[in-house]
Structure formats: C-alpha cells, structure tokens
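Both ligands and their constituent atoms are indexed starting at 1 by order of listing.
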Amino acid sequence: MAATFAPLDAATTFGPATPAPRGPTSPTPSWTPAEIVRRFATTAPRYTSYPTAPHFRQDFDVDAVRRAYAAARGPLGLYVHVPFCERRCLYCGCHVEVARDRGLGSAYVDTLLRELDLQATLTAVSADRPLSVVALGGGTPTWLAPADLARLCAGIRSRLPDHPGCEWSIEVDPRSLDDAGAETLCQLGFTRYSLGVQDLDPAVQRAIGRPQPAAQVERIARMLAASAPRDGLNFDLMYGLPNQTVESIRATVRQAVAMGPTRFAVFGYAHVPWLRPHQRGMERTPLPDDAARLELLWAAREELMGHGYLPLGLDHYALPSDPLALAAKQGRLGRNFMGYTDRGQAKGVDGQALDVDLLAIGASAIAQVGDAFAANTTDRALWAERVRSGAPAWARAHLRSDDDKRRGAVITALLCDLRVDKSAWTARFADQGQGAFDVAFAEELRALGPFFEAGLLRQDTESLAITGHGWLVARNVAAAFDRFLDGAKARYSRTV
Ligand code: SF4
C-alpha cells in the first residue's frame, strides 16, 4: 500500500491492507487534530505489555512463574539491560545508573552471563528453539568497554543457539563511541543499530543536557550503517522539548534523514518530575504546551512522510523496504517490552506462529515468557547478589489470566494495526460465533461512545477500527479495554 501524504491527514497511516469499516455508527471525521487532542488526549500507558508493569505484584508466586518458564515453548528472544550512562540527560525517563568508571562493566557482564546460565535452566533451550532476536538496551549498552561488549556477545552465542536470521540489535549513544568503538561494534555482528538522537539543534541539546554534535552522529551512523545489513539503522527523535520550534524540528528531521536511517521512532517527551525529579532541570527553559507539542509532532511527521517514510502504529516511521514496514503491511507488527517489533512472533518447529518468549537479563530488565511477566529488581547490588546465590532476580511479576490475554490482544491490535479483527479475535478467544466480541466488550464499546461520535472509531460486524486522526488518541482508546487502570492515570505520560 502506498502512503500518500496529506498534511494533517492521519488517514494515511500504514497498516494491513484492510479497509476501515463503514456503517451507521461511522460519521465522517470532522474534528481537527487540535480539537481531538484537547477533547480526548489525556494520560494513558504506552502498553508495551498488558497489564502494564506498574500492575505487576511484589507478592507473586515464584513457583508459578518458574512453571510458566518451564512450560513455555515459543521461539526465544533475549533482552539485555545495561543500566549505565556516563551522565544523565535531563529528559531521561529510564532506569539509569550514572557511572564514569567503565571498570564496573566487567563484573556486570560476568553477572549477566551467570544470570543467562540460570535462565537457561528455567526454560527449555535447544537447537529447535533458537534465538530469533537479541536486543541490548539501557541505559547505554555502548557504555561498556569494547572488550566487555565482545565478551557479552560471545557469551550469549555460546550459551543459546541463534537462528541464522536472528536480529542482533543494540541501542547506541553516539557520544559514547569513538571510531575504534564503532569499529568494534561492526565486528560483533550486530544487524540493527538504534541511535539515540532526539534533536540535532544545539539550543535544544543545551536545554535537555545532551550536547551531541551532528557531525559526530553522522560519522558514527555512517560507519555503523556500512557494516549492518541494508535497513539496519534507526534513529530515535523526540518532540515536546524546550527550545524546539516547528522550523527547528523540521531541520532536525531533514538532517537526520540525510544520514540514512530506514526507520525513525518519534516519541513525545514525557514530563513526569514527580517520578523523575532530575526532570525539574527541563523546566529552566519553558516547555511547549499541548498545542505546541501537536504542531511539533505534526511537523516531524510531515517531514518524514514527505521523505517517503510510512507511519507505523503510534510513533514509528519506516521506509517501505524496512522490516518493520513490511511487517505492518503483512499485519504482523508486534509490540512487547522492546516496543514495536517484527519479531514478536516466529515460526515454531511445527510451522505455527508462536509468540516469542522474551528472556531478560540485567538489573530492572523485564521478561515475557509464556504466561509470565517478570521484572528484575532495579537495585543493581541486590540483582547481583540474587544471581550469585543462584536465584532469579525477579522483584515483581504477573501471571496472565485468560482475560488478560483476551484484552491484551485487543490492545495490541489497536496499537499496532489501529484495528481489531473481530472474527480473528473470536476464533482465538471465544467459543461463541458472530457477535462474541461485541458481547464480551459491550461495556467498553459503550464507554467509547464519544470516540464513535467524533468519527475517530468505526465498527461493523467484522472489525473495530481507529480512523481519521484517531491514531493521535489510540492509547486512550486502548485504555478503555484495560481493567487494571484505576484512578492513577497521572502516573502515565500524556498521549500527545
Ligand atoms: S543516554 Fe539515554 S538512558 Fe542514558 S541518561 Fe540519556 S536518555 Fe537516559
């Protein structure tokens, strides 16, 4: 499907080639983006899991989580969390440990590999269940010294077989790499590099505490892209930052596009100083208000689509050749703790599509294995102590019920495809025939009445679809299906 760009027209969102339903409850959208944001955009989770991590429990049944790991038979994935950063960016919302001494990294890698040994005893590991994705995130994985990074990669490869097409991805802070470091990365066999760019304007960079010359970003990007397979470079950008203007964000996007990434993530800055007190530093320069944030988002979107990038899900843009764009076109875009992925599912040994069981190692890492979500403690010392003692470092967990899976499938479909196929949902979750979806979610559909009336949602017997500019508030639509969401919405970020 070709996406033709029409300014301020989100109906061009790229996705599975299925027409949006039309029916008596489907008036033509007439609300402008600004009106939609004013009326509907509140706070809502990003839904990289359902339920979301704040609802995992400390008083979980450890044996039940172990049983879930033992029963899991999906293809394997691995997430590795490296929490260290050399300094803290003012906007950062991640679990981060500021450390200048890279010597810490050696012991950290030792513990990671010990934890991987332990994980391999909890779930079945065999050549029939090779890794389909390995993702190093943080923090800053490239904070690790090249020798430690090499040892980590070799240690993973020697412990778990990987599929020949396995994606090896790493988050890269261009400031933490010199040319020699970039060369090391190239030799380690990564197939995807994700560069934290955020903004290339010096005034914005000063306001967010992340000075990062564009020339340095470009040099590292070009070195890494030359070693990765085609379509192996993506950039993260951010809107809603102090000193950002429509002109400056357009210039950032144009500069970034010229550096050759095939994929962008454009995230809205989440200002949550009550959770991350260091973000008070962002208030030294005025932050854009909601209307200005929308203009910034729109300008970035317009530039990217004007350069041929297709919008995916809520906040991603990719060239048509990029694996994420292909996955979206084929209706197999997935979402998990790594965000959007084309590796959320893989073929099992019998050829059936199975959800990837995502193991996770490192302080604060979160796993999704079988029916279990399990989050490691964020306390690095405690994490190391637990691993040394031979025990899982889980601090919080959740075992998904059948109801969680039913609702999670709806939420994932809304955020990935902007559409729920009611027949597919019924075939998977209900033993009743046509209409089962409408019966199961009658209350939720009623609560979404204002979205239908505004033309942001449509439905017929076959599907429920977000239409027009409704993608702007897709998280708010998804939240209607969240039975865990209580009055604590303030803990989540604004949807635009
Ligand atoms: S480099 Fe990334 S993880 Fe580290 S402080 Fe900056 S934003 Fe946070």
Donor-acceptor pair, side chain of Asp357 and main chain of Gly370, under 3.5 angstrom:
yes
Side chain Arg263, main chain Leu319, donor-acceptor under 3.5 Å:
no
List in chain and number order the residues that pass side chain to side chain contact (heavy atoms under 4.5 Å, CB included) with Arg57, two or more places apart in sequence or in another chain; answer none if no residue qualifies.
Asp59
Parallel, tilted or perpendicular: which one describes the rings of [X] and [Y], with boundaries at 30° and 60°?
| X | Y | result |
| --- | --- | --- |
| Phe484 | His55 | tilted |
| Phe337 | Phe56 | perpendicular |
| Trp394 | Tyr69 | tilted |

Given the rule in the side-chain contact (heavy atoms from CB on, under 4.5 Å) test, do Leu399 and Phe60 qualify, once you have shown the distances and angles that lead to the verdict?
CA-CA 8 Å; Leu399 284 157; Phe60 63 97; over 6 Å; no
If we only look closer than 2.8 Å, how many protein N, O or S atoms does atom 8 (Fe) of ligand 1 have near it?
1
Is it the side chain, the backbone, both or neither of Arg276 that has a heavy atom closer than 4.0 Å to ligand 1?
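Neither; nothing of Arg276 gets under 4.0 Å from ligand 1.
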May I ask you to identify, for Arg210, whether its side chain, its backbone, both or neither come under 4.0 Å of ligand 1 on a heavy-atom basis?
side chain
Looking at Arg87, which atoms of ligand 1 are within less than 4.0 Å of one of its heavy atoms?
5 (S)
At a 4.0 Å threshold, what atoms of ligand 1 neighbour a non-hydrogen atom of Arg175?
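Within the 4.0 Å cut-off of Arg175, ligand 1 contributes 1 (S).
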Give the C-alpha distance, both sets of side-chain angles, the deciding distance and a yes or no for salt bridge (Lys or Arg N to Asp or Glu O under 4.0 Å) between Asp148 and Arg151.
CA-CA 5 Å; Asp148 289 326; Arg151 205 157 54 80; 3.5 Å; yes
